[in-house]
Protein chains: 2
Amino acid sequence: MPATAPLSTIRSEVAPGRLADVQPPVFHAAGKEIYAQGEPADRLYRVEFGAVRIYRLLADGRRQISAFYLPGEVFGFEADGSHHFFAEAVCATGLRSFARASGDEAPREHLDMALRCLVRAQEHLLVVGRQNAVERIAAFLLDMADRQGGLEQFDIAMSRSDIGDYLGLTIETVSRVLSRLRAEGVIRLVSLRTVEIVKPRALRALSA
Amino acid sequence: MPATAPLSTIRSEVAPGRLADVQPPVFHAAGKEIYAQGEPADRLYRVEFGAVRIYRLLADGRRQISAFYLPGEVFGFEADGSHHFFAEAVCATGLRSFARASGDEAPREHLDMALRCLVRAQEHLLVVGRQNAVERIAAFLLDMADRQGGLEQFDIAMSRSDIGDYLGLTIETVSRVLSRLRAEGVIRLVSLRTVEIVKPRALRALSA
DNA sequence: CGAACGCTTGAGCAAATTCAAGTGCGGTGG
DNA sequence: CCACCGCACTTGAATTTGCTCAAGCGTTCG
């Protein structure tokens with residue numbers, strides 16, 4: 001019976017290759033909206049530096065971040081020509097946008113990127129739907145480390161609140177779990193937003 | 001500020017139109033595997049009748065169903081040429097398969113279906129990550145009703161266990177919430193697997 | 001220097017899970 | 001045709017996990 005494949009196998013990085021109508025990079029300050037739910041969706045965005053959050057809100061303000069996008073990754077996929085989600089810069093972020101395919105045929109590259117997003121979203125569903133707080137945080141840390149080159153020490157651009165809204169937890173629970181992992185010597189918090197994975201093996205064991 | 005758009009706006013139905021290499025329908029008995037995680041993915045499937053569940057397992061057996069597919073809907077999208085999930089027939093099910101696009105260009109239709117799947121998955125993430133048990137069940141019932149033609153009375157092909165694994169709840173919680181909705185006169189359980197929405201308005205109010 | 005903000009920590013609480021009986025329906029066989 | 005069996009579902013009680021509320025800390029910035 002199946003083990004969960006590492007998220008690393010589905011990186012959504014892409015070479016900007018044969019994508020049409022590429023624009024020069026645009027800078028977005030931390031917290032700035034990139035697009036809003038309901039707006040027409042006609043472009044894709046490639047992260048040059050920084051980070052982006054894609055999210056949705058409930059009427060009472062609850063927020064679910066469905067994905068973060070890091071340098072090299074492409075986002076902006078939406079169905080029916082309009083955005084179903086919000087996109088914001090998590091921190092100072094540079095984006096390069098390019099035209100979505102239109103017409104009867106789409107470049108295979110677009111489809112592949114969309115499919116990788118889909119796999120990622122569905123795998124995240126497993127984390128949020130069936131894993132406890134420690135498992136969620138462990139999976140998050142491993143994913144972030146992996147997507148930033150697999151180094152043991154790395155920065156996380158996002159706040160505890162962003163992490164909570166991504167994992168379906170409160171900021172207090174995020175904080176408590178990080179403290180506990182630190183107390184157990186699994187990770188080291190070099191600074192608030194810099195993590196060192198001291199015991200990758202232990203973390204991996206916790207993540208499932 | 002944004003309200004959550006109804007799931008109905010992103011049906012993934014499709015006319016089999018210009019899709020290549022369409023095969024005659026294949027029958028799958030309840031519980032039968034359609035494909036497994038790790039298998040090569042080269043075909044798409046259109047549900048003719050019945051229902052399909054797409055899921056993933058954790059090592060200890062916890063299961064997350066990421067989607068159900070109902071008649072008229074298409075599934076089988078996977079990245080990198082292999083399946084990252086399992087697909088099983090929920091009940092007696094007829095499927096028609098056809099070839100995935102290959103080569104440099106993909107039919108727009110494929111991209112659109114994949115994108116609608118993506119939006120659906122991300123919206124489901126909001127339900128699982130940020131809504132309580134009552135809200136999840138209400139959203140599920142409304143979604144099922146909507147996808148079966150919007151009638152007030154409809155069958156659900158799936159067991160309580162399937163529903164729980166889809167919504168990130170235990171079967172006991174699913175059962176309790178359904179009982180409570182029945183006690184409040186919001187729904188009527190015509191039989192175990194047949195639901196009548198008596199107060200659609202109330203149910204909609206509960207779903208967010 | 002003080003205010004603001006993001007984060008941490010603690011205590012009590014509530015929602016959902018776990019564990020444990022029951023109930024009822026559908027199917028099988030006497 | 002009815003009785004029985006099995007399985008899915010329901011219901012209850014106790015427990016646990018994560019949330020809420022509240023206070024305190026530390027860094028940054030005006």
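The analysis underlying the following values was restricted to heavy atoms, covering all of them including side chains, and did not include hydrogens, waters or symmetry mates. Letters go in sequence order (proteins before strands), and every chain restarts at 1. Every value quoted in this text rests on a predicted model; they were computed, and no experiment measured them.
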Exercise for the section: Let me see the working for Glu135(B) and Leu167(B) under side-chain contact (heavy atoms from CB on, under 4.5 Å), right down to the final yes or no. Expected result: CA-CA 10 Å; Glu135(B) 292 169 331; Leu167(B) 297 176; over 6 Å; no
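- Across all strands, Arg136(A) comes closer than 4.0 Å to no nucleic acid atom at all (heavy-atom distances).
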Practice task
Kindly indicate, with the supporting measurements, whether the criterion side-chain contact (heavy atoms from CB on, under 4.5 Å) is fulfilled by Phe68(B) and Phe75(B).
Solution key: CA-CA 9 Å; Phe68(B) 292 115; Phe75(B) 68 95; over 6 Å; no
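- No side-chain heavy atom of Val198(B) sits under 4.5 Å from any side-chain heavy atom of Ile187(B).
- Under the 4.0 Å criterion applied to side-chain N and carboxylate O atoms, Asp60(B) and Arg130(A) are not assigned as salt-bridge partners.
- Whole-Å rounding puts the Leu181(A) CG to dT8(C) P distance at 12 Å.
- Counting to the nearest Å, the P atom of dC7(C) and the CG atom of Leu178(A) are 10 Å from each other.
- Within the 4.0 angstrom heavy-atom criterion, base atoms lie near Thr173(B).
- In this structure, the nucleotide among dC7(C), dT10(D), dT9(C) sitting nearest to the side chain of Arg160(B) is dT10(D).
- The separation between Leu167(B) atom CG and dA15(C) atom C1' is 16 Å, rounded to whole Å.
- For Ser159(A), taking side-chain heavy atoms from C-beta onward, the closest of the listed nucleotides dA20(C), dC7(C), dT9(C) is dC7(C).
- Among the protein residues, Arg193(B) comes within range of the sugar-phosphate backbone only, with heavy atoms under 4.0 Å from sugar or phosphate atoms but none that close to a base.
- Using a 4.0 Å heavy-atom criterion, one finds that Arg182(A) contacts the sugar-phosphate atoms exclusively.
- In this structure, Gly168(B) reaches the sugar-phosphate backbone alone: every heavy-atom distance under 4.0 Å involves primed, P, OP1 or OP2 atoms, never a base.
- By the 4.0 Å N-to-carboxylate-O rule, Glu172(A) lies too far from Arg176(A) to be salt-bridged with it.
- For dC19(D), one of the phosphate oxygens OP1 or OP2 lies less than 4.0 angstrom from a side-chain nitrogen or oxygen of Thr170(A).
- Comparing dT8(C), dT10(D), dA16(C) by their nearest atom to the side chain of Leu189(B) picks out dT10(D).
- Between the P atom of dA8(D) and the CG atom of Asp165(B) lies a distance of 14 Å, rounded to the nearest Å.
- Applying the 3.5 Å distance criterion, the base of dT20(D) shares a donor-acceptor pair with the side chain of Arg176(A).
- Across the protein-nucleic acid pair, Leu192(B) atom CG and dG26(C) atom P stand 8 Å apart, rounded to whole Å.
- Note: CE (Met158(B)) to P (dC9(D)) measures 12 Å, nearest angstrom.
- Atoms CD (Gln131(A)) and P (dT17(C)) sit 15 Å apart, rounded to a whole Å.
- Between Glu172(B) atom CD and dA21(C) atom P the separation is 14 Å, expressed in whole Å.
- Within the 4.0 angstrom heavy-atom criterion, base atoms lie near Ser175(A).
- Among the atoms of the strands shown, only primed sugar atoms or phosphate atoms (P, OP1, OP2) are found under 4.0 Å from some heavy atom of Leu169(A).
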